[in-house]
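Read the structure below first, then the notes.
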2 protein chains.
Amino acid sequence: MPTLQDVAEKAGVSTATVSKVLSNTPYFTEKTRRKVMHAVEELGYAPNLPARALSGGKTHIIAVTFPYVYEAIFTDPLVLRILEGIETECTQRGYNILLSTPLLSADGPDEHYLNLIRSGYVEGVIAIDNVPLASAFEPVKKRGIPGVVLGYHTGDYFVRSDDVSGGLQMMNHILGLGHRKIGIISVPEVLHFSIYHRLEGMRRAAERAGLNFDDLPKANGDFSVNSGEKCAAQLLSEYRDITALICLNDRMAMGAIRHAHEKGRHVPDNLTIVGYDDIPMAGSFEPPLTTIDQQAPEMGRASARMLFEVLDNKKPAPIHVPTHLVIRQSAAPPV
Amino acid sequence: MPTLQDVAEKAGVSTATVSKVLSNTPYFTEKTRRKVMHAVEELGYAPNLPARALSGGKTHIIAVTFPYVYEAIFTDPLVLRILEGIETECTQRGYNILLSTPLLSADGPDEHYLNLIRSGYVEGVIAIDNVPLASAFEPVKKRGIPGVVLGYHTGDYFVRSDDVSGGLQMMNHILGLGHRKIGIISVPEVLHFSIYHRLEGMRRAAERAGLNFDDLPKANGDFSVNSGEKCAAQLLSEYRDITALICLNDRMAMGAIRHAHEKGRHVPDNLTIVGYDDIPMAGSFEPPLTTIDQQAPEMGRASARMLFEVLDNKKPAPIHVPTHLVIRQSAAPPV
DNA sequence: AAGCAATAGTTTATGGCTTAACTTCTTTAA
DNA sequence: TTAAAGAAGTTAAGCCATAAACTATTGCTT
């Protein structure tokens with residue numbers, strides 16, 4: 001691999017000059033610039049990043065962490081979409097993405113993760129931090145590494161999906177269609193901050209419409225299709241007058257729809273069922289699912305942009321990425 | 001951040017000794033080992049990876065590339081499962097994963113990717129390389145960086161899904177159920193090597209059963225649910241005696257099932273429809289999809305293990321990861 | 001024309017680690 | 001007893017790029 005040295009020799013200047021030209025530090029002539037660039041081209045030179053990192057502290061690596069606390073990480077389509085957004089911004093700025101999946105337990109993250117954080121590789125961190133139980137962000141803060149949290153853990157800088165307004169939009173939509181007997185299929189709130197906020201949004205919408213949110217029938221699943229099916233079975237048999245089911249993710253909605261179909265109820269003519277997330281499959285489900293789009297790629301992009309601001313010593317304000325109600329065909333007025 | 005220097009001073013030995021102890025190079029006593037380890041603990045020392053990389057060439061970073069050639073990358077669940085497998089192996093060995101999504105065009109990969117490959121960061125590469133049009137592996141080879149291809153591009157070392165046997169298993173299953181009028185919903189072969197091999201497997205199974213594979217009705221979609229629906233519509237209207245549809249991915253199968261339902265045909269009683277991939281949704285679709293599991297996590301793990309062998313100067317043999325036929329409820333004997 | 005500032009470039013120390021070469025000390029064998 | 005081998009450490013030379021400190025040149029002001 002050619003080094004700065006080689007370039008300098010070929011161009012007939014010192015390494016310092018080459019370094020200046022490449023980093024665009026002032027004080028060189030157009031002529032030397034051309035000489036240097038020419039040598040760079042000829043040799044196919046690219047800066048040695050470890051050396052640059054050692055010398056200047058800029059590693060051009062940011063770590064994206066998503067905690068390995070439940071199976072969902074590697075099957076959750078949101079993760080990939082978020083990554084997509086982060087990737088876009090990072091590539092633009094010449095940064096590389098290091099993937100990190102800390103194993104969070106009661107006594108903190110695993111050793112490998114800790115070593116990474118201490119390794120000097122990581123110039124900044126985007127932590128996808130959504131579960132209250134543990135945070136991968138602690139060690140980052142401790143080391144003084146610039147970081148942005150994507151989720152609800154406390155950090156100075158964070159990006160969140162506007163879960164409250166997501167819940168609000170959905171509940172408003174359902175209420176607007178005329179439903180009043182509404183069942184909620186959720187998951188235990190303590191497991192996910194975001195769920196708490198979505199429910200909060202729904203509560204506001206419900207109360208604005210004069211409904212007591214706490215009186216609405218509820219059941220807790222675990223995000224899976226099967227749990228959605230079970231919850232739907234439970235709610236629909238216990239509260240026979242329910243005309244709409246709001247599910248806190250798409251997969252449970254799909255399970256609920258399956259149950260409805262089995263019971264011979266047509267969605268949406270006979271029962272309204274909606275989801276949350278807008279996973280890739282949602283649009284081509286039968287019926288196509290009315291749901292909430294969290295704009296995962298935009299969350300990724302926003303968090304990356306925020307991180308770069310922090311790296312530039314700015315103090316960016318928190319961002320709440322707006323949600324979008326995606327109206328398809330699983331919701332209709334009650335009969 | 002504490003350095004080797006600090007550890008050496010605290011332990012009362014030279015930096016070289018500390019380095020030896022940490023890298024387990026022979027010639028030190030148990031006593032010094034304990035002194036050193038104690039100092040390491042006290043200071044919370046972790047090696048500076050850029051420095052180590054600069055000095056010893058070992059960066060402890062492997063790059064995983066998946067080419068950004070069509071929309072699928074960031075929505076394809078397989079990618080994430082593969083990543084999962086790679087992650088498992090890498091973490092075990094103290095390696096970090098750098099995510100890279102080269103933009104492949106006619107005149108080669110983009111500049112950012114090239115810079116990464118030349119940057120000295122990358123100790124090894126796992127290239128998810130499935131499209132014939134272009135390869136992200138070229139520049140890796142050129143630089144002499146150890147690499148493993150996950151897919152069909154030529155490299156000395158590669159891991160592949162055993163697509164031929166996947167196709168064979170599926171066709172055998174369908175034939176075994178008694179179907180003879182079988183429609184195939186595929187995608188243009190030139191776009192994906194793996195498709196070519198799956199079809200080849202099907203051909204073998206068909207011919208072994210005395211069927212002329214070329215005579216079977218076929219239609220090409222583009223992997224999407226909608227295209228599956230269209231292809232099904234086309235095939236079923238054109239060839240009214242079809243009793244089974246084999247789709248080359250699950251999403252198209254789901255589209256096909258939707259079409260069948262719309263036409264009032266029950267799956268599987270009235271029509272058999274199967275997919276390929278076993279995406280997370282497949283098991284909870286209605287009906288649950290009979291499909292082929294490619295064992296993506298295992299492919300990831302295998303490729304990582306192979307890469308580590310290459311890094312150890314071994315010459316691992318190619319691996320064909322076996323496929324599994326997942327029998328659910330979308331296939332039944334013809335009526 | 002002198003003096004000074006700005007420009008253009010070079011020299012060199014530095015960052016943290018590894019490793020080859022070297023020194024010192026302990027074993028072991030003849 | 002002594003030489004040679006082996007073990008346990010140390011010294012110091014890199015690895016490559018950056019940036020502070022320095023020299024040399026040019027341009028401008030008065």
Side-chain angles (χ1 to χ4, degrees), chain A residues 1-37 39-40 43-61 94 115-123 143, chain B residues 1-37 39-40 43-61 94 115-123 143-145:
Chain A
M1 289 205 294
T3 69
L4 243 207
Q5 189 77 261
D6 301 332
V7 175
E9 275 165 26
K10 182 143 210 153
V13 296
S14 73
T15 60
T17 302
V18 177
S19 178
K20 270 191 207 166
V21 169
L22 292 182
S23 62
N24 232 336
T25 310
Y27 306 143
F28 52 82
T29 56
E30 173 59 21
K31 199 174 140 200
T32 43
R33 202 192 68 84
R34 278 218 310 280
K35 273 197 299 188
V36 168
M37 292 317 269
V40 166
L43 295 170
Y45 169 81
N48 181 299
L49 260 30
R52 182 180 270 184
L54 186 56
S55 174
K58 296 240 159 286
T59 63
H60 285 249
I61 289 181
N115 278 338
L116 172 65
I117 295 302
R118 295 169 179 161
S119 73
Y121 264 156
V122 178
E123 199 177 324
R143 281 270 153 177
Chain B
M1 292 207 291
T3 69
L4 242 209
Q5 188 78 260
D6 302 333
V7 175
E9 277 165 25
K10 182 143 213 152
V13 296
S14 74
T15 60
T17 302
V18 178
S19 178
K20 270 193 207 163
V21 170
L22 293 182
S23 62
N24 232 337
T25 308
Y27 306 143
F28 51 83
T29 55
E30 174 59 20
K31 199 174 141 201
T32 43
R33 203 194 66 85
R34 278 219 310 283
K35 274 195 299 185
V36 168
M37 292 317 267
V40 166
L43 296 170
Y45 169 81
N48 181 299
L49 261 29
R52 181 178 271 186
L54 186 55
S55 173
K58 296 241 160 285
T59 63
H60 285 248
I61 289 181
N115 278 337
L116 173 64
I117 295 302
R118 294 170 179 162
S119 73
Y121 264 154
V122 178
E123 200 178 324
R143 282 270 152 177
I145 298 175

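Below, chains carry the letters A, B, ... as their sequence lines are ordered, and counting in each starts from 1. Everything numeric in this text was worked out from a predicted model, so none of it was measured.
When all heavy atoms are compared, the tightest approach of B:A8 to B:V18 is CA-CG2, 3.7 Å. Scanning all heavy atoms of the two residues, the minimum distance from B:A11 to B:K35 falls at O-CD, 3.7 Å. Taking every heavy atom of both residues into account, A:G44 and B:R143 meet most closely at O-NH2, 3.1 Å. For the pair A:M1 and B:G120, the tightest heavy-atom approach, listed with the atom from each and the gap, is CE-CA, 4.1 Å. For B:S119 against A:P50, the heavy-atom pair with the smallest separation is O-CD, 3.4 Å.
In this structure, B:S23 reaches neither bases nor backbone, as no heavy-atom distance under 4.0 Å exists between it and the strands shown. B:T29 comes within 4.0 angstrom of sugar-phosphate atoms only, judged by non-hydrogen atoms across all strands, and of no base. Nucleic acid contact class of A:V13 (heavy atoms, under 4.0 Å, all strands): sugar-phosphate only. A:P50 comes within contact range of no nucleotide atom at all, as no heavy-atom separation falls under 4.0 Å. Residue B:Y27 is classed as a base contact, given a heavy-atom separation below 4.0 Å to a base. Contact annotation for B:T17: base contact, defined as any heavy-atom pair under 4.0 Å involving a base atom.
Taking five base pairs at each end of the helix from C:dA1-D:dT30 to C:dA30-D:dT1, the local helix axes there meet at an angle of 40°, rounded to 10°.
Rounded to whole angstrom, the span from the CZ atom of A:R52 across to the P atom of D:dC16 amounts to 15 Å. Between the CD atom of B:E30 and the P atom of D:dA8 there is a distance of 11 Å, rounded to whole Å. Taking atom CZ on A:R33 and atom P on C:dT7, their separation rounds to 18 Å, with Å as the unit. Regarding A:E9, its CD atom lies at a distance of 15 Å from the C1' atom of C:dT11, rounded to whole Å. One can place CG of B:L22 at 9 Å from P of C:dC17, the figure rounded to the nearest angstrom. To the nearest angstrom, C1' of D:dA17 lies 7 Å from OH of A:Y45. When rounded to the nearest whole Å, the span between NZ of A:K58 and P of D:dT18 equals 12 Å. Rounded to an integer number of Å, the gap from A:L4 CG to C:dG15 C1' is 15 Å.
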Any protein N or O atoms within reach of nucleotides 21-23 of chain C? Criterion: under 3.5 Å, listing atom names and distances.
none

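Residues A:L22 and A:L4 are in side-chain contact: their nearest non-hydrogen atoms beyond the backbone lie under 4.5 Å apart. A heavy-atom distance below 4.5 Å is not found between the side chains of A:E123 and A:I61. Contact check for B:F28 versus B:P26: no side-chain heavy atoms found under the 4.5 Å cut-off. Side-chain contact between A:V7 and A:L43 is present, with at least one heavy-atom pair separated by less than 4.5 Å.
Nearest-nucleotide positions on DNA chain D place A:M1 closer to the 5' end than the other of A:T25 and A:M1.
Checking the phosphate oxygens (OP1, OP2) of D:dG14, no side-chain nitrogen or oxygen of B:S55 falls inside 4.0 Å. A:S14 has a side-chain polar atom (N or O) that falls below the 4.0 Å cut-off from OP1 or OP2 of C:dT10. Distances shorter than 4.0 Å separate some side-chain N or O of A:S19 from OP1 or OP2 on D:dT18. At least one side-chain nitrogen or oxygen of B:T32 sits closer than 4.0 Å to the OP1 or OP2 atom of D:dG9.
Listed nucleotides: D:dT11, C:dC17, D:dT18. Nearest to the side chain of B:A16: D:dT11. When each of C:dT18, D:dA17, D:dA7 is scored by its nearest atom to the side-chain atoms of A:T3, the top-ranked nucleotide is D:dA17.
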Chi angles and distances behind the side-chain contact (heavy atoms from CB on, under 4.5 Å) call for A:T3, A:N48: CA-CA 8 Å; A:T3 69; A:N48 181 299; over 6 Å; no

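With hydrogens and angles disregarded, a donor-acceptor distance shorter than 3.5 Å links the side chain of A:T59 to the backbone of A:Y121.
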